[in-house]
Amino acid sequence: MVDTRFYNNNGPFSLKQICEICSCELLDSSKADVMIKDMATIFKGGEGDISFFFDKKKKEAAANIKTTACVTSKDFVSLIPEGVVVLVSENPHDSFVKLNYAMYSEVLPEAKICESAKIASTAKIGQNCYVGEGVVIGDNVVIGDNCRLEANCVIADGCELGNNCRVGACANIMHALIGNNVYIYGGARIGWDGFGFKTINGVHKRVPQLGRVIIGNDVEIGANTCIDRGALDDTIIGDGVRIDNLVQVAHNDVLGRGCILVAQVGVAGSCTFGDYVVAGGQVGFADHLNIGSMAQIGAQSGVMRDVEPGASLMGSPAIGFRDFMKQTACVQKLWKK
């Protein structure tokens, strides 16, 4: 069960309502008025709960489902135990997400500015904002409406945040212009110096980083992720980008719309990504690369050359996915010999 100390439960919902929310078909229409109070996994749910079954790898576990109802696909209906009300969905995972949004909501703080926040007199804060304990907001900062700035985050001089943004606890933002509906998780560092040094007479001299970070709309940036500002041109994060925890995006990088970078990805400086590029966990990109739209890079790959649009790569150095699998099979055969 979901812990209501942290989330509001907006239920209960009837199975008829759930069908409407999740775009499902109720196989037994006589059960339309049965009430569901919570969502649960197929392993822990019980009476009054609804579960979701869509993983063919867990077929054997289906026999032990004890929830009142279960959402599944038509291919798995026969696996659901007798007595469990079945709802059929073309995409049970999508249905899970829809019901999740309907049934639960976060416990949000009331709109207020805490007394311990330090806000410059020249800063502008929009309506209905929450500014938490110990927040620091610098000169000429602009904060849009309905923003949530959590404890001890810092918004440095001149930064701008659009409407409906959330900045997690202890995150730091500088030299950044940020759009609407952006969620920056706790501990993230946005707009700090890029790693730029020039060795002169045996001494590493810091190259001034004079660019900014520009973040579009509907972006999420994970906890403890770092996005460096540009050396001269800007570092740009496009609309709809999703960046996981512990990711490094270096100076002058440009990410197109809808890109996804999974945990511990490292992107060296001056790389340009097209739209909807996906990089699995721990992928490393060399500097000054062009990564085509819709490219997919498998986990722990090392990308050292430009990538064509739509390519699927794996390995270090990264090669075509099919070639990687052939290469792996060949090595395994040699090892057995």
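Excluded from the calculations below are hydrogen atoms, water molecules and symmetry mates; all remaining heavy atoms, backbone and side chain alike, are included.
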Salt bridge Asp239-Arg257, side-chain N to carboxylate O under 4.0 Å: no
Electrostatic pair Lys57-Asp55, nearest N-O below 4.0 angstrom: no
Modelled atom types, side-chain donor and acceptor of [X] and [Y], under 3.5 Å:
{"X": "Asn245", "Y": "Asn224", "value": "no"}
{"X": "Asn164", "Y": "Tyr183", "value": "no"}
{"X": "Thr122", "Y": "Asp139", "value": "yes"}

By salt bridge (charged side-chain N to carboxylate O under 4.0 Å, His left out), which residues pair with Arg189, not counting sequence neighbours? none
Using the rule side-chain hydrogen bond (donor to acceptor under 3.5 Å, both in side chains), only one of Gln248, His251, His175 pairs with Asp228; which is it? Gln248
Checking side-chain hydrogen bond (donor to acceptor under 3.5 Å, both in side chains) between Arg229 and each of Asp234, Asn252, Thr235, Asp193, which is the one that passes? Asp193
Working to the nearest 0.5 Å, report the span between [atom1] of [X] and [atom2] of [Y].
{"X": "Ile65", "Y": "Leu79", "atom1": "CD1", "atom2": "CG", "answer": "8.5 Å"}
{"X": "Leu87", "Y": "Ser73", "atom1": "CG", "atom2": "OG", "answer": "12.5 Å"}
{"X": "Leu161", "Y": "Ile137", "atom1": "CG", "atom2": "CD1", "answer": "9.0 Å"}
{"X": "Ile42", "Y": "Asn64", "atom1": "CD1", "atom2": "CG", "answer": "8.5 Å"}

Is there a continuous path of hydrophobic side-chain contacts, each under 4.5 Å between heavy atoms, that joins Val213 to Val141? yes
In terms of hydrophobic clustering (I, L, V, M, F, W, Y; side-chain heavy atoms under 4.5 Å; direct or indirect links), are Val135 and Ile143 co-clustered? yes
Do the two ring centres, one from [X] and one from [Y], sit under 6.0 Å apart?
{"X": "Phe285", "Y": "Phe273", "value": "yes"}
{"X": "Tyr7", "Y": "Tyr104", "value": "no"}
{"X": "Phe197", "Y": "His204", "value": "no"}

